[in-house]
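Data first, discussion second: the structure below is written as structure tokens.
Ligands are counted one by one from 1 in listed order, and the atoms in each one are counted from 1 as well. Both backbone and side-chain heavy atoms feed into the values below; hydrogens, waters and symmetry mates do not.
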Amino acid sequence: MPDAAAHLPFYYGSIARSEAEEHLKLAGMSDGLFLLRQCLRSLGGYVLSMVYNLQFYHYAIERQMNGTYAIAGGKAHCGPEELCEFYSKDADGLCCTLRKPCNRPSGVEPQPGVFDSMRDNMVREYVRQTWKLEGDALEQAIISQAPQVEKLIATTAHERMPWYHGSIARDEAERRLYSGAQPDGKFLLRERKENGTYALSLVYGKTVYHYRVDQDKSGKYSIPEGTKFDTLWQLVEYLKLKPDGLIFYLRETCPNPNMPASAAPVPPTHPSVTAHPRRHLGPLNADGYTPEPSRTCPGKSRLLPMDTSVYESPYSDPEELKDKKLFLKRDHLMIDEVELGAGNFGCVKKGVYKMRKKQIDVAIKVLKSNNEKTVKDEMMKEAQIMHQLDNPYIVRMIGVCEAESLMLVMEMASGGPLNKFLSSRKDEITMSNIVELMHQVSMGMKYLEEKNFVHRDLAARNVLLVNQHYAKISDFGLSKALGADDSYYKARTAGKWPLKWYAPECILYHKFSSKSDVWSYGVTMWEAFSYGQKPYKKMKGPEVISFIEQGKRMDCPTDCPAEMYTLMQQCWTYKWEEHTVENIIRSYYYSIATKTENGPETEDKSKATLP
Ligand code: ADP
Ligand code: MG
């Protein structure tokens, strides 16, 4: 995540309090002289350091759940810059107003945040190596799964660090620390024999000190009474900067003699992570869990989108790409009798498509046998649109098959439509699960916006699930490609339209744009957060139009987080673009994913399995 303060001339990045005070001293100690630095304790937070009456004041700026920033007890601001602007006009509880920025001396760049760069690099390397992804597929995996991947890494990352000595006894640790030079701050981390806890062993004044590392109920690590961290390596990195209760800070790694030099990572720039084989977890429940989800290791058994066969296109394999054509051979397609769904056009059947190297499960949209030309043309239009799309959060088309009838062959999303899925599993699906899925939908919509397509039929019924944690946008029957210079599509005549999902502009002027897709996204959000209820209750289309024209909007669904209701309302202003929506829901999703993933709240609900 980019640093929101990186561009500010008075931002110093990750520097210690004493260093901040040095800079303020050098700049003259006038009242209201201030600078901004990164907070080492809370990720994403800052500290405002300032001077008043020749004294230093340090105020922690916390990043809140909804992505805003605030000094404890103060007003929330959308960024650190806005916050500083505010306090330059109004002291509002600070020692005085911010009067003069203490800018970085020329040539001094903000100190990179130890954790941020380490986390980002680790996540990237881990995803690249574990799932063998590159390019867009890699980027999308990182954006959509960063919190889960961080959890995976958190449990194992320290094992790759040169200061980690594994399970060695206390006297062996002392032997290793006493061998060779014994500078103050020479340290190692070891696993203790007792119930898998850890200990830090540290040299100071030629003596070795041992500190127990505690792990609390939510899995966070700390030195007794010390700051808590999600991971052991974060704890170590922090203690390199601050003693935080230790007799001395950690200064010099005592390298593990058993760790091959090649395995040693070089954080923060390129930490190496073990290459895992793709995590093939065998047959899965439709809810994305292996048959035995483990309560003690949340996240470990969770199936990520990248673990499924539909994350990347089947044609991402160059061998398969050789055979890619719009029209598929009938004898490569096996059609099952099982019907997945139905519509005006005909029905959707389950099937298997034989490719060069593999067989894939497919969903086949079969046109009714009496196909008239216009209906056929419509399906071909839908196929032409889908043919141009390739994104993990969009149902991909494999191709078209013209045989007993015209058929559109797609990737299989066996979890079915989102509204049905949620209404049948109210008690099992948590709010954070819904946020996760809606974030994925926003990623798919952002991709459509970038490719200059309008969907025109985004609704919970057209979001299909691969599993409980993986959603894809489908049904491109009404979708249009916009002209290169157009920002909207204008329909000549009104058709059979899903009015409850449409912005007034669509209905009044027949104009369809990314902004009207955002409106539909808001309604889809409402459906999702109300567990698949029908929007606008018993109202008919025309009633909804006048309801909206009066400035009224649907109420907040029961238990829906306030941040998510605010986002829906913003979607219903016709001002927002997909990428803004994606950004907002992403930060909210990250903030709750980090906070609750380990907690009992999410696990209780999401543990449930499917029949
Ligand atoms: P319509 O244009 O009639 O709304 P859809 O494309 O939405 O058609 O498909 C209708 C139904 O068929 C869906 O609600 C879903 O149950 C099923 N279906 C469609 N595509 C898939 C797919 N790729 N995987 C699984 N089921 C699908
Ligand atoms: Mg549909």
Side-chain angles (χ1 to χ4, degrees), residues 286-288 305 308-311 313-314 328 333-353 360-368 371 374-387 389-401 405-424 437 440-441 444 448 453-468 470-480 495-502 517 520-521 523-524 527-528 532 534-535 610:
D287 66 350
T308 68
S309 59
V310 288
Y311 181 77
S313 162
L328 309 175
L333 188 64
M334 283 156 275
I335 309 174
D336 214 324
E337 278 316 301
V338 180
E339 264 191 32
L340 297 167
N344 290 327
F345 60 89
C347 63
V348 176
K349 287 192 170 164
K350 202 170 172 259
V352 174
Y353 178 65
I360 56 170
D361 287 339
V362 291
I364 310 157
K365 208 168 189 172
V366 187
L367 215 57
K368 274 182 200 143
N371 6 159
T374 50
V375 193
K376 263 189 164 171
D377 286 351
E378 268 173 37
M379 189 184 255
M380 281 313 294
K381 276 188 195 157
E382 183 174 351
Q384 292 294 355
I385 299 265
M386 289 183 91
H387 194 55
L389 305 173
D390 177 10
N391 182 274
Y393 301 105
I394 289 179
V395 171
R396 293 186 188 87
M397 185 184 69
I398 311 299
V400 187
C401 185
S405 53
L406 187 60
M407 295 177 277
L408 200 146
V409 181
M410 298 169 277
E411 287 179 332
M412 173 68 134
S414 57
L418 179 65
N419 54 341
K420 285 193 190 157
F421 189 88
L422 292 176
S423 64
S424 64
L437 293 170
Q440 295 174 351
V441 175
L448 284 183
F453 283 90
V454 284
H455 188 285
R456 299 179 70 222
D457 199 6
L458 180 60
R461 63 179 174 276
N462 289 329
V463 172
L464 302 182
L465 295 175
V466 176
N467 62 47
Q468 185 181 333
Y470 189 3
K472 279 177 182 262
I473 298 164
S474 79
D475 197 347
F476 290 82
L478 286 173
S479 304
K480 301 283 173 196
K496 249 185 95 184
W497 285 351
L499 296 178
K500 290 185 175 182
W501 283 262
Y502 275 3
D517 272 351
S520 313
Y521 179 85
V523 181
T524 308
E527 294 179 273
K534 291 195 173 71
L610 291 179

Legend entry - Nearest protein heavy atom with distance in Å, relative to atom 11 (C) of ligand 1: Gly341 CA, 4.0 Å
Legend entry - Heteroatom proximity flag, Glu382 to ligand 1, N/O under 3.5 Å: no
Legend entry - Rounded distance (nearest 0.5 Å) linking atom CD of Gln468 with atom CG of Leu422: 9.5 Å
Legend entry - atom 4 (O) of ligand 1: the protein heavy-atom neighbour that sits closest, reported with distance to 0.1 Å: Asp475 OD2, 2.7 Å
Inset, instruction - Answer whether the closest heavy-atom distance between the side chains of Ile398 and Pro314 falls below 4.5 Å. - result: yes
Inset, instruction - Could you check atom 14 (O) of ligand 1 against the protein and tell me its nearest heavy-atom contact, residue, atom and distance included? - result: Pro417 CG, 3.6 Å
Legend entry - Within reach of ligand 1, part of Asp457 (heavy-atom separation under 4.0 Å): neither
Inset, instruction - Just need the protein heavy atom nearest to atom 10 (C) of ligand 1, so name the residue and atom and give the distance. - result: Val348 CG2, 4.1 Å
Inset, instruction - Could you tell me the separation between the CD1 atom of Ile360 and the CD atom of Glu411, rounded to the nearest 0.5 Å? - result: 7.5 Å
Legend entry - Polar protein atoms near the Mg ion (ligand 2) [N, O or S; cut-off under 2.8 Å]: Asn462 OD1, Asp475 OD2
Inset, instruction - Give me the ring orientation class for Tyr470 and Tyr393: parallel if the planes are under 30° apart, tilted from 30 to 60°, perpendicular past 60°. - result: perpendicular
Legend entry - Lys/Arg-Asp/Glu bridge criterion (N-O < 4.0 Å) met for Arg396, Asp390: yes
Inset, instruction - Compute the shortest N/O to N/O distance between Ala342 and ligand 1 and return yes if it is under 3.5 Å, no if not. - result: no
Inset, instruction - Heavy-atom distances under 4.0 Å are what count here, so tell me which part of Lys365 touches ligand 1: side chain, backbone, both or neither. - result: side chain
Legend entry - Ser414 N/O to ligand 1 N/O under 3.5 Å: no
Legend entry - Distance-only N or O hit between ligand 1 and Ser474, under 3.5 Å: no
Inset, instruction - Check whether any N or O atom of Met410, backbone or side chain, sits under 3.5 Å from an N or O atom of ligand 1, and answer yes or no. - result: no
Legend entry - Heavy-atom nearest neighbour in the protein, as seen from atom 26 (N) of ligand 1, with distance rounded to 0.1 Å: Leu340 CD1, 3.8 Å
